[in-house]
Amino acid sequence: MKNLRFFLLDLGEKTTPHGSEIWLWGIDDHDRNVLVVDRSFKPYLYAIPKEDSPPATISAALRSSKTGYADALESSVEEKKLFGQIVKAVKITCTSTETLEAAAKHLSKRGLVQQIIGNDIRYSSLYLYDRGLIPCKWHETEAETLGTSPALTGNAYLSHSSPHPIAFKGIPRLRILAFSTVAFAEKGSPHASQDPVSVISVATSDAKVRSFSRSNESDHDIITDFANYLMEFDPDIVAGFESNRIGWPYLIERAQRSGATLGISRLGLQPHTSVYGHVSIAGRASLDMLDYANELPDIKVKTIENVAESLGIKLNAILPDQLDLAKTWNSPQDKPLLLRGADAYARAILETTERLLEFGMALSSLTCMPLDQVATAAVGHRVDSYLIKEAYQQGHLIPPRRDQVYERYQGAIVLAPHAGLHENVVALDFASMYPNLMILYNLSPDTLVSPTEDCDDSSCWTIEGLGFRFRKTPPGLYRNALTSLIAIRNEIKKGIQTKSLSDSERRVLQQQERAVKVITNACYGYAGWTGARWYAREVAESAAALGRKSITQVIDRCKETGIPVIYADTDSVFVTRDEAKVNSLLRWVSENLRMEIRPDKNYRRVLFTEAKKRYAGLLTDGTLDIVGMEVVRSDWSEIARKVQERVIDLVLRDGSPNNAKIYALNAIDQLRHGKTTVRDLIIWRSLTKPIEEYRVNAPHVQVAKEYLKLGRKLVPGDKIGYVVTKKGTKLYDKARPYFEVTSDEVDTEYYVSGQVAPAAARILGVFGISQDELLFGTQRPLP
DNA sequence: GCACTGAGATTACCC
DNA sequence: ACGGGTAATCTCAGTGCG
């Protein structure tokens with residue numbers, strides 16, 4: 001018997017002769033990996049009896065039944081909250097998930113229950129919520145050594161009661177393994193059914209890089225070597241790029257076809273696809289860095305090269321294009337490039353993992369989702385999990401997901417901007433507008449008063465214009481959840497202020513703050529999402545209506561006090577900077593709106609066109625702030641974006657368009673003379689659905705069909721890169737895959753009149769300089 | 001047959 | 001597979017003209 005401390009990394013469930021039990025994987029305080037088995041927690045669900053059947057009949061029905069669930073351990077009646085109602089629920093606990101499932105079926109079939117609650121939550125998740133364990137945090141428990149079995153790596157313990165979290169900070173030393181694979185076909189994309197894996201490169205946190213390269217037609221040996229190498233290194237974290245969708249499924253199928261074994265989990269099992277489409281490896285956290293890249297919206301085309309570049313990670317080699325891999329492999333001279341490329345990718349994935357892990361762990365702890373799941377899970381599911389955890393603590397039942405009817409509702413206000421160049425402007429922002437409104441008006445599905453119910457103004461908020469009413473007390477689920485999120489964030493902020501922090505401690509806190517912010521800001525959208533367990537359109541609609549009212553009041557107050565309003569969107573107002581007037585406005589807001597509005601960005605100059613949601617400013621710190629313009633849009637060519645950025649820069653710094661116009665004319669001239677690389681002309685667009693579902697023949701769709709003809713695999717979400725050539729009339733005829741276009745085929749005139757000129761004219765138009773003037777202008781560029 | 005027009009499709013952005 | 005609001009481009013069918 002010993003007191004065991006461990007950092008919770010992964011967990012699973014297993015049915016053994018002891019019934020269902022929880023397996024916790026972690027790192028102890030001596031950096032050893034441990035398995036802690038908890039047999040003290042059994043799966044359960046709640047049955048809500050029909051009004052005419054007393055709870056006792058449910059217990060009786062279970063006891064009298066002959067099959068399967070005779071082992072129902074207990075059933076007890078509890079009072080629980082469900083959408084603001086108090087319901088009597090029968091808690092049914094079984095020794096195993098299988099018998100619980102059978103018991104649920106039995107009850108449904110007998111027609112004794114109104115609703116069964118909790119059978120759409122996995123046993124292992126239920127365990128975390130119920131017992132209060134926190135992934136990626138330290139725990140403590142009394143445990144005894146469990147006999148090691150050959151299938152287990154590491155030290156196994158049996159805990160005598162459920163472990164509990166302790167206030168022990170820090171992240172243990174984790175063993176990380178990153179891998180990158182190369183597979184190719186003679187033509188097009190490789191298919192696991194026929195094309196072997198040729199290279200597997202592995203980079204580990206002990207700074208070693210190792211590659212395995214196929215020496216014959218079979219990949220049996222390299223998969224085996226990879227698996228052995230992995231088992232020997234025994235990583236806590238295994239990272240890849242696109243590994244959920246491609247890397248692992250491919251390796252798994254290849255292993256199966258070549259007869260190799262890929263039993264790389266800490267139970268000696270193969271990786272498998274699990275919830276949210278993530279690939280799980282028992283006992284290890286399997287992470288896909290593509291999921292993390294999706295948290296970085298500035299990266300438009302999600303490749304490992306781009307992710308590495310944006311994080312400042314140097315790649316000392318890159319792999320050839322997919323379609324050129326076979327050629328490279330078959331050339332003795334070029335073949336080493338594949339190894340070097342794969343090595344470089346594995347290294348980059350390792351470094352990416354090291355950089356982004358803290359955020360993942362922060363998100364994991366906050367939402368109570370295991371590290372490997374949280375990265376892959378969509379925002380809605382993360383909020384879902386966070387709310388489940390909160391709801392548990394407040395005695396709510398967890399409503400099952402249901403099919404909800406989608407109803408559109410009115411959202412935020414966006415003002416038409418005053419077009420032109422403005423000096424000394426400050427953007428004022430409401431601090432967490434929607435979360436605060438949800439807290440202030442107690443907006444929640446469980447506080448929503450039904451239309452038939454009586455409720456006077458002293459006990460209810462009535463939302464102007466909508467008529468929805470919300471009880472002022474008790475606090476609803478959203479108010480509690482958001483209040484606690486805001487409290488956590490303030491606590492973290494305080495921590496960050498601490499002078500004595502080390503860099504790494506500060507970084508951890510910053511990532512925690514980021515995680516809290518993500519979840520806080522997602523709650524409003526979650527409330528209006530039909531997939532949410534706590535979906536309530538009335539809640540989201542009310543928050544939006546209150547938001548409109550708040551921003552309108554600020555705008556009106558500005559007008560009354562003589563502050564020019566240049567633009568406003570949702571929760572921000574752009575006004576001319578007048579220290580005294582603005583300060584008095586801020587005071588007025590905090591005194592009258594029960595909310596805070598804060599100066600956010602300060603502009604020396606800011607330019608608005610007629611369009612909403614698009615502007616460009618020069619901040620007082622000298623940097624450019626470009627919003628919504630072509631510069632920040634991935635579906636415009638690099639050349640158009642570069643020229644527009646320079647035009648913006650010149651206009652804002654000069655305060656006049658003269659130099660910018662000369663520059664633009666010059667840039668167009670250069671382009672017309674072919675002084676541009678094809679690289680700068682690629683236009684990237686996403687495929688959002690399968691090709692055959694497109695109803696109009698857009699350029700990127702046509703090009704995608706060419707990709708397919710070349711044998712490339714495409715799935716929704718893939719980015720199609722194309723360049724417009726001279727051949728053809730319609731744009732979709734002229735567009736060709738970017739990798740097949742040579743510079744002499746480029747339709748330069750399209751890029752002039754369809755890309756660069758419009759992008760430049762968008763800015764210069766504010767000063768009366770038209771696109772035609774740029775296209776046919778008589779003014780010659782400077783010598 | 002051709003230029004023009006407006007509706008619809010499509011995507012990526014803002015907050 | 002978190003919400004609504006928005007700009008912009010291109011296709012495509014319909015229309016008027018000659």
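So that the names make sense, note that chain A is the first sequence line, chain B the second, and so on, each numbered from 1.
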Heavy atoms under 4.0 Å, any strand shown: does Arg762(A) hit a base, just sugar-phosphate, or nothing?
-> sugar-phosphate

What is the distance, rounded to the nearest whole Å, between atom CZ of Arg633(A) and atom P of dT9(C)?
-> 9 Å

Cationic N near anionic O, under 4.0 Å, Glu242(A) to Lys302(A) = no

The residue, Val414(A) or Ala522(A), whose nearest nucleotide of DNA chain C is more 5′ is Ala522(A)

Return no unless some side-chain N or O of Ser634(A) is found under 4.0 Å from OP1 or OP2 of dC13(B).
-> yes

Which is true for Trp534(A) with a 4.0 Å heavy-atom rule: it touches a base, it touches only sugar-phosphate, or it touches nothing?
-> nothing

Among dT10(B), dA1(C), dG4(C), find the nucleotide with the atom closest to the side chain of Arg695(A).
-> dT10(B)

Using the benzene-type ring in the case of Trp, are the ring centres of Trp461(A) and Tyr441(A) under 6.0 Å apart?
-> yes

Look at all strands and tell whether Tyr406(A) reaches a base, only sugar-phosphate, or nothing, counting heavy atoms closer than 4.0 Å.
-> sugar-phosphate

Measure the acute angle between the ring planes of Phe739(A) and Tyr707(A), then classify it against the limits of 30° and 60° as parallel, tilted or perpendicular.
-> perpendicular

Tell me what Phe430(A) touches on the nucleic acid: a base, only sugar-phosphate, or nothing, going by heavy atoms under 4.0 Å.
-> nothing

Of the candidate nucleotides dC10(C), dC14(B), dT11(C), which contains the atom at the shortest distance from the side chain of Tyr750(A)?
-> dC10(C)

Counting side-chain heavy atoms from CB outward, which of dC15(B), dG4(C), dT9(C) is closest to Thr570(A)?
-> dC15(B)

Whole-Å gap separating P (dT10(B)) and CG (Asp635(A)) = 15 Å

Determine, for Glu745(A) against Arg736(A), whether the closest basic-nitrogen to carboxylate-oxygen distance falls under 4.0 angstrom.
-> no

OP1 or OP2 of dT11(B) under 4.0 Å from side-chain N/O of Thr688(A) | yes

Look at His700(A) and dT11(B) and indicate whether a side-chain polar atom (N or O) is within less than 4.0 Å of OP1 or OP2.
-> yes

Tyr615(A) side chain N/O closer than 4.0 Å to the phosphate oxygens (OP1, OP2) of dC15(B)?
-> yes

Arg533(A) has an atom CZ; how far is it from atom P of dC2(C), in whole Å?
-> 14 Å

What about Tyr722(A) and Tyr732(A), are their ring centers closer than 6.0 Å?
-> no

What's the closest nucleotide to the Trp636(A) side chain, out of dA1(C), dC14(B), dT9(C)?
-> dT9(C)

At under 4.0 Å, does any side-chain N or O of Tyr694(A) touch on OP1 or OP2 of dT11(B)?
-> yes

When all nucleic acid strands are considered with a 4.0 Å heavy-atom cut-off, which category describes Gly525(A): base, sugar-phosphate, or nothing?
-> base

Among dC13(B), dG3(C), dC12(C), the one nearest Tyr732(A) by side-chain distance = dC12(C)

Could you tell me whether Gly531(A) contacts a base, only the sugar-phosphate backbone, or nothing, with contacts defined as non-hydrogen atoms closer than 4.0 Å?
-> nothing

Quick one: which of dT11(B), dC14(B), dA8(C) gets closest to the side chain of Asp569(A)?
-> dC14(B)

Selection from dG5(C), dC12(C), dA7(C) that lies nearest to any side-chain heavy atom of Gln410(A) = dG5(C)

Base, sugar-phosphate, or nothing for Lys734(A), non-hydrogen atoms under 4.0 angstrom?
-> nothing

Please state how far atom CZ in Phe574(A) lies from atom C1' in dC15(B), giving the value in whole angstrom units.
-> 10 Å

Round to a whole Å and report the spacing from OH of Tyr722(A) to P of dT10(B).
-> 14 Å

Tell me what Val701(A) touches on the nucleic acid: a base, only sugar-phosphate, or nothing, going by heavy atoms under 4.0 Å.
-> nothing

Distance test, side-chain N/O of Lys300(A) to OP1/OP2 of dC13(B), below 4.0 Å = yes

Rounded to the nearest Å, what distance is computed from the CH2 atom of residue Trp684(A) to the P atom of nucleotide dT9(C)?
-> 21 Å

Which nucleotide, dA1(C), dG4(C), dT10(B), lies nearest any side-chain atom of Tyr409(A)?
-> dG4(C)

Mind checking Val627(A) for me? I need base, sugar-phosphate or nothing, with any heavy atom below 4.0 Å counting as a touch.
-> sugar-phosphate

OP1 or OP2 of dA12(B) less than 4.0 angstrom from a side-chain nitrogen or oxygen of Lys613(A), does that happen here?
-> no

Name the closest nucleotide to the Leu731(A) side chain, picking from dT9(C), dC10(C), dT11(B).
-> dC10(C)

Closest to the Asn697(A) side chain, choosing from dC2(C), dT11(C), dC14(B) | dT11(C)

What is the nucleic acid contact for Arg614(A), judged by heavy atoms within less than 4.0 Å: base, sugar-phosphate only, or nothing?
-> sugar-phosphate

With a 4.5 Å limit on heavy-atom distance, are the side chains of Arg122(A) and Gln373(A) in contact?
-> yes

Expressed in angstrom and rounded to an integer, what is the separation of Phe608(A) atom CZ from dT6(C) atom P?
-> 15 Å

To the nearest Å, give me how far apart CG (Leu428(A)) and P (dC15(B)) are.
-> 14 Å

Any donor-acceptor pair under 3.5 Å from Asp718(A) side chain to Leu687(A) backbone | no

Can you check whether Tyr603(A)'s main-chain N or O pairs, donor with acceptor, with Arg577(A)'s side chain at less than 3.5 Å?
-> yes

